[in-house]
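Written below as structure tokens is the structure these notes are about.
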Amino acid sequence: MISFAITSAIFFLTSPIFSVPNTNEHKLLRNTLADAMEQSALKSSRVSFQVISLDDKSTVFEYGAGDLLNPASNVKLFTSAAALSLLGPDYRFETEFFVDKPPQNGRVRTLFVRGNGDPSMTTERLYAIAAELSRQGLKEVRGDLVLDETGFDGERWAFGYDQEQGDKAYLAPTGALSLNWNAVAVYLRPGALRRQPAFVEIEPWSEYFRLQSKLLTGKATQRRFVVKSSLEAEKPHLKPHMRRQEVEVRGHVPIGKGTWVVWRRIDNPALYFGYTLKALLAKHGVPVRGRVLVGAVSPTAEFFYASSSESLDIILKRMNKQSSNFIAEQLLKTMGGVYRGFPGSYAKGLDVVAEFLEREIGIARGTYVMRNGSGLNDANRFSAAQTNQLLRHMFEEALFSPEFVSSLGIAAKDGTLRSRFGGSQAEGRLRAKTGTLENVSALSGYAQGMNGQRFVFSILVNDAPSRSPEVVHAIDALATVLTNVGQAPKQAIRVENGGIEAFKRQLKTYATLAKDRRGQALLQEMLRGESNPVSRVLIVDALYGLNPKDVDIANMAVEAFCAKAEIMEPLNALSLQMDIPFPGLNGLIETAAAGSTEAISKLLKLAPLAPGHSQLKIPLAEGLAAVAESAPEEMLSGLLQAPVAETHAAMRMLTSAFLNGGERAWGLHEVLKAAAAAKAEPREKVLSLLQMLDTLNRPPEGGVKQESVGSGR
């Protein structure tokens, strides 16, 4: 069956239902985009923006189109275009298995595994491989399991990864033998009673891991846990093959709130692969008696079995729609190995991509900067004009246009665009690659107007004075203008038109639908057609209550929640009159606690509004406390970027919550102390926040606590 993504891409590429653009239409579009730019959060930013008609090849609009800016994950467009064109959509990665000698009664002395950079290997596939090895006659490995990762060089991380510390899954290392995108899932589940130890499970579990858990079951509102992953720090004397991945978990998970999952990177991909394979072989009755070692396949070893990955066009969909840094860097090294000789390396891969861009696209070396394949951090520079040059080539001239276009996210449908453009004309009519870093936002791809006109566009934004959500909304508004071509703009729906009684009826209807899991699809469809901001919050709140673990729904919750007084008023009234939690807030808090910078930004914008909304201030204070503990680094980043009024309001609420609960913001406090010691910028604001937190967390003279917005113990 052909997927929806590729079917719609073929329609987009071949649809004859389009009108020939005229000069007046393009002039109107140009003026509309210029006005939107001037009135948006982008007017004081560094912007590289260009729109080209795919129908008459004319440049419709440009603003700083030739300026080189950080494109963030839009770099993946260049990596995927090169990989698709050079390796081909049918390219598959082989993982090969060798034995020292043919099995004797099912027994071998040594089992060798040679990886070739497969970025799509998962536990499920490895389980099937273990079963197939058993079916091929393997019954016991009497000696060692040897892992050959010589297909790649030993450099684990590309340039730009060193600019960020941490163990987040998006910082996963490369490896010729890799598993689960070189990340591990840590599942956290509360016990039956408060203060009992909580359950922690690692998936996939193997001897490679050492687990240290101090996780407890907390109150229903107490979600403050930390999960860290690193090589055994206290045993540097051990040989590399003897060091294990240590996973440390501490804090609290809320009672009665189900299971939480956190993904963390691992540090030795080959051993992660090897120990997992050993465990899965044991499940199939094939014990490995010896060690798990990293080494080369013996020249005298005999081929035993090979497993092929999915085809490259499928892998590219996962990479671009989900913006996988890991897959991008694996592809870069693979291209380097295939075209410059193995072992593959970043340098070889970048050279291959540079040759492709110059020869096939016409983008000369030296006119851009590309230091990695994923776009992570401050390592790359491209312009909107160069990005559009690539996109036009892949649309018009390349042999693999359907595969390339269908790899991009579809507005309001899937990937990183699933929670964007809902309820607009862009839904299903825009396919693009997102890009997000601190102070960087980007969106580049293809759009189709209501009259069938087709456009290629690229918007790169750097150094915006506004925070990320406002920049993203401005970018989306510009892109939506392209999909509105050919249709008069609709009149905006005013919040007050519905009235509280109408919102009450809606809330009851949505709550009824949320009781049935089949109602999820219906609610999502309703969300796409709803433009009233209060109604959108109510729909997403119902969806979140149905499935709070769904990342896409969590992103929708952040997108829908608009921190404006005129929207807070009806939500506060609904919460008060119907005796329910403040609509939409739970999803925003949980997403912020998981480290979403956009969610944190919206929470901070709510802080100055809280005193005027009785139902908002208590849960918001508790939510800010949870975020400060579980995502302190992201919280600090948000506080440093926030206006003074938001910062002070948030700090007052944090302190009230901490004082009432008898706790300090240890996570945020430690991060602030580290930032102050490192003389991080802006230094004055860092020191001010640290002093504020120290001062506010100190009970006033006489031991009387300050007035608190939080609930009692």
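These values consider heavy atoms only, across backbone and side chains, with no hydrogens, waters or symmetry-generated copies. Fair warning: this is a prediction, and the values are worked out from it, not measured in the lab. Start at 1 with the first residue, then count along the sequence.
- For E633, the side chain to side chain contact (heavy atoms under 4.5 Å, CB included) partners at least two apart in sequence or on another chain are V671.
- L316 is not listed as a side-chain neighbour of E403, based on a closest heavy-atom distance of 4.5 Å or more.
- S535 and Y510 form no side-chain donor-acceptor contact under 3.5 Å, judged by distance and modelled atom types alone.
- Residues that satisfy the ring pair (Phe, Tyr, Trp, His ring centres under 6.0 Å) test with F400, not counting sequence neighbours, are absent from this structure.
- Of the candidates I410, L408, L417, L430 forms a side chain to side chain contact (heavy atoms under 4.5 Å, CB included) with just one, namely L417.
- A 6.0 Å sphere centred on CD of Q163 holds more than 12 heavy atoms belonging to other residues, nucleotides or ligands.
- Closest of all the heavy-atom pairs between A82 and V353 is CB-CG2, 4.0 Å.
- Panel note: side chain S596, backbone A592; no donor-acceptor pair is recorded below 3.5 Å.
- Residue pairs meeting the salt bridge (charged side-chain N to carboxylate O under 4.0 Å, His left out) criterion with at least one partner in residues 32-46, sequence neighbours excluded, are R46-D463.
- Listed by first and then second residue, the salt bridge (charged side-chain N to carboxylate O under 4.0 Å, His left out) pairs that reach into residues 432-453 come to none, sequence neighbours excluded.
- The ring-ring contact (aromatic ring centres under 6.0 Å, His included) analysis of residues 366-391, with sequence neighbours excluded, yields the pairs F78-F382, Y368-F382.
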Evaluation steps, side-chain hydrogen bond (donor to acceptor under 3.5 Å, both in side chains), between Y346 and T174 = CA-CA 10 Å; Y346 294 121; T174 55; 3.1 Å; yes
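- Pairing each heavy atom of E329 with each of G373, the nearest pair is OE1-N, 3.0 Å.
- To the nearest 0.5 angstrom, K168 atom NZ is 13.0 Å from N325 atom CG.
- Nearest heavy-atom pair, V471 versus A464, reported as atom, atom and distance to 0.1 Å: CG2-CB, 3.4 Å.
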Are S407 and K321 close enough, and set up right, to give a side-chain hydrogen bond (donor to acceptor under 3.5 Å, both in side chains), and what steps lead you there?
-> CA-CA 6 Å; S407 76; K321 287 181 181 291; over 6 Å; no
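- A donor-acceptor contact under 3.5 angstrom links the side chains of N74 and S444, judged on distance only.
- Counting heavy atoms from C-beta on, the side chains of E470 and K605 come closer than 4.5 Å.
- Between R340 and E355, the closest side-chain pair of non-hydrogen atoms falls below 4.5 Å.
- For the residue pair Y161 and S374, a side-chain donor N or O sits within less than 3.5 Å of a side-chain acceptor on the partner.
- When the ring pair (Phe, Tyr, Trp, His ring centres under 6.0 Å) test is applied to F93, the partners found at least two apart in sequence or on another chain are Y91.
- With contacts defined as side-chain heavy-atom distances shorter than 4.5 Å, the pair K76/S73 qualifies.
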How far apart are the C-alpha atoms of N320 and S80, what are their side-chain angles, what is the distance that settles it, and do they pass the side-chain hydrogen bond (donor to acceptor under 3.5 Å, both in side chains) test?
-> CA-CA 8 Å; N320 282 333; S80 56; 3.3 Å; yes
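- Distance alone, capped at 3.5 Å, places no donor-acceptor pair between the W181 side chain and the I327 backbone.
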Worked verdict on L69 versus V440 for side-chain contact (heavy atoms from CB on, under 4.5 Å) = CA-CA 9 Å; L69 299 182; V440 178; over 6 Å; no
Would K57 and E396 satisfy side-chain contact (heavy atoms from CB on, under 4.5 Å), going step by step from the backbone distance to the final call?
-> CA-CA 11 Å; K57 321 306 178 192; E396 297 172 345; 3.0 Å; yes
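- The shortest heavy-atom contact between G117 and T334 is O-OG1, 4.3 Å.
- Shown here are the side chain to side chain contact (heavy atoms under 4.5 Å, CB included) partners of I314, two or more places apart in sequence or in another chain: E310, S311.
- Residues that satisfy the ring pair (Phe, Tyr, Trp, His ring centres under 6.0 Å) test with F457, not counting sequence neighbours, are absent from this structure.
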Working for side-chain contact (heavy atoms from CB on, under 4.5 Å), residues Y170 and E164 | CA-CA 11 Å; Y170 64 80; E164 184 172 352; 2.2 Å; yes
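- With hydrogens and angles left out, the side-chain atoms of N380 and N70 include no donor and acceptor closer than 3.5 Å.
- Shown here are the side-chain hydrogen bond (donor to acceptor under 3.5 Å, both in side chains) partners of R92, two or more places apart in sequence or in another chain: there are none.
- Taking 4.5 Å as the limit, some side-chain heavy atom of R454 sits within range of a side-chain heavy atom of F395.
- By the 4.5 Å heavy-atom criterion applied to side chains, N451 and V485 are counted as neighbours.
- For the pair L312/L331, a side-chain contact is recorded, criterion being any heavy-atom separation below 4.5 Å from C-beta on.
- Judged purely by atom type and a 3.5 angstrom limit, S424 uses its side chain to pair as donor or acceptor with the backbone of A426.
- Once rounded to the nearest 0.5 Å, the distance linking CZ of R318 with CG of D313 reads 11.0 Å.
- The shortest heavy-atom contact between D118 and S309 is OD2-CB, 3.3 Å.
- The shortest distance between side-chain heavy atoms of Q453 and E25 falls below 4.5 Å.
- Donor-acceptor pairing under 3.5 Å is recorded for the side chains of Q386 and T367.
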F61 and F49: ring pair (Phe, Tyr, Trp, His ring centres under 6.0 Å), yes or no, with the steps?
-> CA-CA 8 Å; F61 181 84; F49 181 22; 5.2 Å; yes
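- Remark: R371 engages no residue in a side-chain hydrogen bond (donor to acceptor under 3.5 Å, both in side chains) (not counting sequence neighbours).
- Judged purely by atom type and a 3.5 angstrom limit, K602 uses its side chain to pair as donor or acceptor with the backbone of F561.
- Remark: R420 does not engage E427 in a salt bridge, criterion side-chain N to carboxylate O under 4.0 Å.
- Legend: residues meeting side chain to side chain contact (heavy atoms under 4.5 Å, CB included) with L350, ordered by chain and number and at least two apart, are L332, M370.
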Test side-chain contact (heavy atoms from CB on, under 4.5 Å) on N439 and N462 and set out the steps.
-> CA-CA 6 Å; N439 298 321; N462 287 190; over 6 Å; no
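- In the model, T597 has no side-chain atom that pairs as donor or acceptor with a side-chain atom of E634 under 3.5 Å.
- Partners of T59 under the side chain to side chain contact (heavy atoms under 4.5 Å, CB included) rule, at least two apart in sequence or in another chain, are Q50, I52, E62.
- Without hydrogens or angle criteria, S48 side chain to A65 main chain gives a donor-acceptor distance under 3.5 Å.
- A donor-acceptor pair under 3.5 Å links the side-chain atoms of S40 to the main chain of L42, judged by distance alone.
- The pair D351-R365 meets the salt-bridge criterion, since a charged nitrogen lies less than 4.0 angstrom from a carboxylate oxygen.
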